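Because only heavy atoms are used, hydrogens play no part in the values below, and waters and symmetry mates are left out as well, while side chains stay in. If you're wondering where the values come from, they're calculated on a predicted model, not measured in any experiment.
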Amino acid sequence: MISQKTIASWMICFLLLLLLPIAFSEPTRNLKGTNARAPTVQQIRNKEVIVDNGIVRVTFSNPKGLITGIKYNEIGNVLNPYLRARGNLKGTNARAPTVQQIRNKEVIVDNGIVRVTFSNPKGLITGIKYNEIGNVLNPYLRARGYWDITWQTENNSLPKLDRIEGTNFRIITQNEEQVEISFSRTWNGGSDHIPLNVDKRYIIRTNTSGIYTYGIFERQPEWPEVEMGLIRVAFKLNPDRFHYMVVADNRQRQMPTDDDRDINSGRAKPLAYKEAVKLTNPHNHMFKNQVDDKYQYSCEVKDNKVHGWISTKSNVGFWLISPSGEYRSGGPVKQGLTSHVGPTTLTTFISQHYVGPDMETRYKTGEAWKKVLGPVFIYLNSDSTRNNLQHLLWEDAKRQTEQEVEAWPYGFVASSDFPTRQERGTITGRLFVNDRFLAPAGYAYIGLAPPGEAGSWQTNTKGYQFWTQTNETGYFTIDNVRPGTYNLYGWVHGFIGDFKYQNLVNVAAGSEISLDRVVFQPPRNGPTLWEIGVPDRTAREYFVPEPYENTMNPLYLNHTDKFRQYGLWQRYTELYPNHDLVYTVGVSNYSQDWFYAHVTRNIGGSTYVPATWQIVFELPYVNWRGSYTLQIALASAARANLKVRFNNEYSRPLLSAGVGRDNAIARHGIHGAYHLYSIDVPGRLLRTGTNTIYLRQSKAVGPFEGLMYDYIRLEEPSTA
């Protein structure tokens, strides 16, 4: 048996062999003048080995062989000084991954850092061994690491859940660098499974502390019509170890347990919907009277790159890293779930959350479809110092995320359905906005998505999307675009409406397309008379009330996302118990006087009535023959019916629109799907002097029918 010390010695000798040619070669720009010399070896108290050739000074732990420091130039250590595990090699345990099949029931892939067990041929992840933890996943559940999908056909009124269990196992790739394995299932008719061919892939690479996974989903045109509402990857972690959850720098906390949510045992009390509970008798008293709701931890696609859990007991972090948004649906600001009580962490590829059934999730007979979802990376890290553990592991997870983003698109994916960097294209250009004058569109969102109407990317799930932001002068680059035909879409902060480039964009492998100058002309019919809010597609700038003391989440106290507190919609009835909101232009302040959500008013028990808001404004002069324009941009709508009237609350409405099913009010989102209404207002309906606009949301079945306004503007008739 070769000792660990012997192996470490071999590693040092190998490094010396690498350094010797450098030390005695001709001077190069990296030799730092006369410092280069023959390498020396120094052992310090049998704890460290230092090899120095005058160019690099490398420190190893002895006898483990961990590289703890690399000094180069003026940098004392190019590695992370705060972590014990600075490279994920775990000493001499790291090796080329191996694949082992056990009695046709399990497949085990082991690279010396992580040891992953799969059910065979179903392809469920049943175990992940890391460090001293025999299984970081929940040992009490059968479903621990899995893909799943919700679906229904015309014959099924209720959605079904398909856990996507494979029927065939294959080794796709096995070499010194990686193992890629497949668990696939082919649809052969019947109603037990969704009519899809599914190939779940897993990749474990040498010297990598984690697992990559992606899925290839395909349907044939002759297959029956189907609707797919949700596709995701989910992990249920060991509840005895993982208690600290991280979603962002300012969204992390110690979490209650799944058992604390049990309303049948008296530990929790149900609230207005099943996802939200009040913790009345939790195991840990610190959570008493807090609200737990998974939607409080939702995140926009553009920000949802890494989240996960930390075990302070085992000094281990478990992270889900999504290096790209190309395989997700709904564009960069669509919100989705992240991590929540369980402990659970997941990546959602397709969902109706914060948009609703308007998402294009129905596939008709005659419609073929194929899409690669992922890869995403399940990353594990550790630290043994226990000093500021949560911060160190989270910072390391963010650094790993940056590396994954930089490496995208991965070059090691075996499937030909996943184009390499060389097989993709690049789009460049400069965006201007023309609203009375031409100006560069700085920090605008611009992206490629399947062809459709302006704004159709919000509801698209079937194709790929590629988004970026312009720089301060409007220049943009969209790189790593899959070959295909797209529309170029966008929107600009401070302006209403959606941009769509007039021509299709055809991307071929290796193409570099310059669009030069593109111009967005936002909707406008005349000069602004007055405006309410900021056109940013959210209701964030309006009045968001304080939470109830007995149903709060302490994470969001004094927080920029205070709108994520439970029950804020109920505050409207308290503020306006007998009459509805009245806003006076030029007197009122929208950050204090405009409630963030136009909701129903509770008049007792479970009885709700519609709310009619008023906007009062003065006009010193009216063009009786002209046509004014009222621009109403909605940040969200949930089973609402908006009626707009001028100067007569009971007249025929100029707008009567049933709109929205995004449910963002109940799910603590300050925005959902965006809608814009440009309403023609005949001058004869206006008065010289005082005028009133009546905004009535006429649906009132419960507390969650309502609207969130993004921005409202009245324009006078055009002078053109």
Side-chain angles (χ1 to χ4, degrees), residues 150 159 227-232 272-276 293-304 328-338 348-362 445 449 452-461 465 491 496 498 533 535-540 542 544 561 563-569 572 595-600 611 632-642 657-677 695 697-711:
T150 60
E227 183 168 338
M228 297 182 290
L230 175 72
I231 303 179
R232 66 181 184 176
Y273 46 89
K274 66 179 183 179
E275 291 86 357
D293 180 356
K294 64 183 180 181
Y295 292 109
Q296 292 182 319
Y297 306 104
S298 296
C299 189
E300 293 178 349
V301 166
K302 65 181 175 61
D303 300 320
N304 189 1
R328 285 181 157 158
S329 58
V333 296
K334 183 188 179 300
Q335 298 182 82
L337 295 174
T338 57
T348 302
F349 300 102
I350 293 174
S351 83
Q352 296 181 352
H353 293 142
Y354 298 94
V355 177
D358 293 335
M359 292 294 287
E360 296 176 1
T361 57
R362 183 172 295 277
Y445 284 94
E453 299 299 319
S456 61
W457 50 268
Q458 284 191 111
T459 58
N460 183 272
T461 67
Q465 300 196 25
W491 78 92
I496 61 174
D498 277 285
D536 62 357
R537 297 183 173 237
T538 81
R540 185 184 287 270
Y542 300 123
V544 178
D561 287 1
F563 57 84
R564 297 192 186 278
Q565 294 280 11
Y566 174 84
L568 299 182
W569 58 85
Y572 179 77
F595 198 72
Y596 81 102
H598 188 164
V599 292
T600 55
I632 298 182
L634 299 180
S636 168
R639 297 174 297 280
N641 193 309
L642 176 62
V659 57
R661 290 178 286 180
D662 62 35
N663 214 20
I665 295 171
R667 289 174 173 170
H668 324 293
I670 202 66
H671 68 87
Y674 178 80
H675 303 270
L676 176 65
Y677 296 97
L695 303 175
Q697 196 296 103
S698 60
K699 290 278 188 72
V701 177
F704 300 125
E705 291 87 16
L707 308 159
M708 294 187 204
Y709 297 95
D710 168 35
Y711 174 75

Exercise for the section: Without swapping roles, check the side chain of Thr461 against the backbone of Ser329 for a donor-acceptor pair under 3.5 Å. Expected result: no
Problem - Donor-acceptor under 3.5 Å (Tyr295 side chain, His353 main chain) - result: no
Handout entry: Partners meeting ring-ring contact (aromatic ring centres under 6.0 Å, His included) with Tyr445 (sequence neighbours left out)
Key = Trp491
Problem - Between OG on residue Ser636 and CG on residue Asn663, distance to nearest 0.5 Å - result: 8.5 Å
Handout entry: Nearest-0.5 Å distance, OH of residue Tyr297 to CZ of residue Arg564
Key = 10.5 Å
Exercise for the section: May I ask you to test the Arg540-Asp561 pair for a side-chain heavy-atom distance under 4.5 Å? Expected result: yes
Problem - Thr361 (side chain) donor-acceptor with Gly229 (main chain) under 3.5 angstrom - result: no
Practice task
Measure the shortest side-chain to side-chain distance between Tyr674 and Leu634 over non-hydrogen atoms and say whether it is less than 4.5 angstrom.
Solution key: no
Exercise for the section: Working to the nearest 0.5 Å, report the span between OG1 of Thr348 and CD1 of Ile231. Expected result: 10.5 Å
Problem - Residue list, salt bridge (charged side-chain N to carboxylate O under 4.0 Å, His left out) with Arg639, at least two apart or on another chain - result: none
Problem - Side-chain donor-acceptor contact under 3.5 Å, Glu300 with His671 - result: yes
Exercise for the section: Please tell me if the side chains of His668 and Ser298 come closer than 4.5 Å, counting only heavy atoms from C-beta onward. Expected result: no
Problem - Qualifying salt bridge (charged side-chain N to carboxylate O under 4.0 Å, His left out) pairs, either residue in residues 660-675, two or more places apart - result: Asp358-Arg661
Handout entry: salt bridge (charged side-chain N to carboxylate O under 4.0 Å, His left out) partners for Asp498, two or more places apart
Key = Arg537
Exercise for the section: Decide side chain to side chain contact (heavy atoms under 4.5 Å, CB included) for Gln352 and Leu230; before the verdict, give the C-alpha distance in whole Å, the side-chain angles of both, and the deciding distance to 0.1 Å. Expected result: CA-CA 7 Å; Gln352 296 181 352; Leu230 175 72; over 6 Å; no
Fill in the blank from the handout: Sorted by chain and number, sequence neighbours left out, side chain to side chain contact (heavy atoms under 4.5 Å, CB included) with Ala640 holds for Val659, Gln697, Leu707
Practice task
Output yes when a side-chain donor or acceptor of Tyr711 lies under 3.5 Å from a complementary backbone atom of Ile496, and no otherwise.
Solution key: no
Practice task
Using the test side-chain hydrogen bond (donor to acceptor under 3.5 Å, both in side chains), find all partners of Tyr677 that sit at least two apart in sequence or belong to another chain.
Solution key: none
Practice task
For the residue pair Lys294 and Leu337, establish whether any side-chain heavy-atom pair is separated by less than 4.5 Å.
Solution key: yes
Practice task
Find out whether Ser351 and Lys334 are in side-chain contact, i.e. whether some heavy atom of one side chain is under 4.5 Å from a heavy atom of the other.
Solution key: yes
Handout entry: Any side-chain heavy-atom pair of Asn460 and Gln465 under 4.5 Å
Key = yes
Handout entry: Sub-4.5 Å side-chain heavy-atom contact between Val333 and Tyr354
Key = no
Practice task
Show your working on side chain to side chain contact (heavy atoms under 4.5 Å, CB included) between Ile350 and Met228 and close with a plain yes or no.
Solution key: CA-CA 8 Å; Ile350 293 174; Met228 297 182 290; 5.7 Å; no
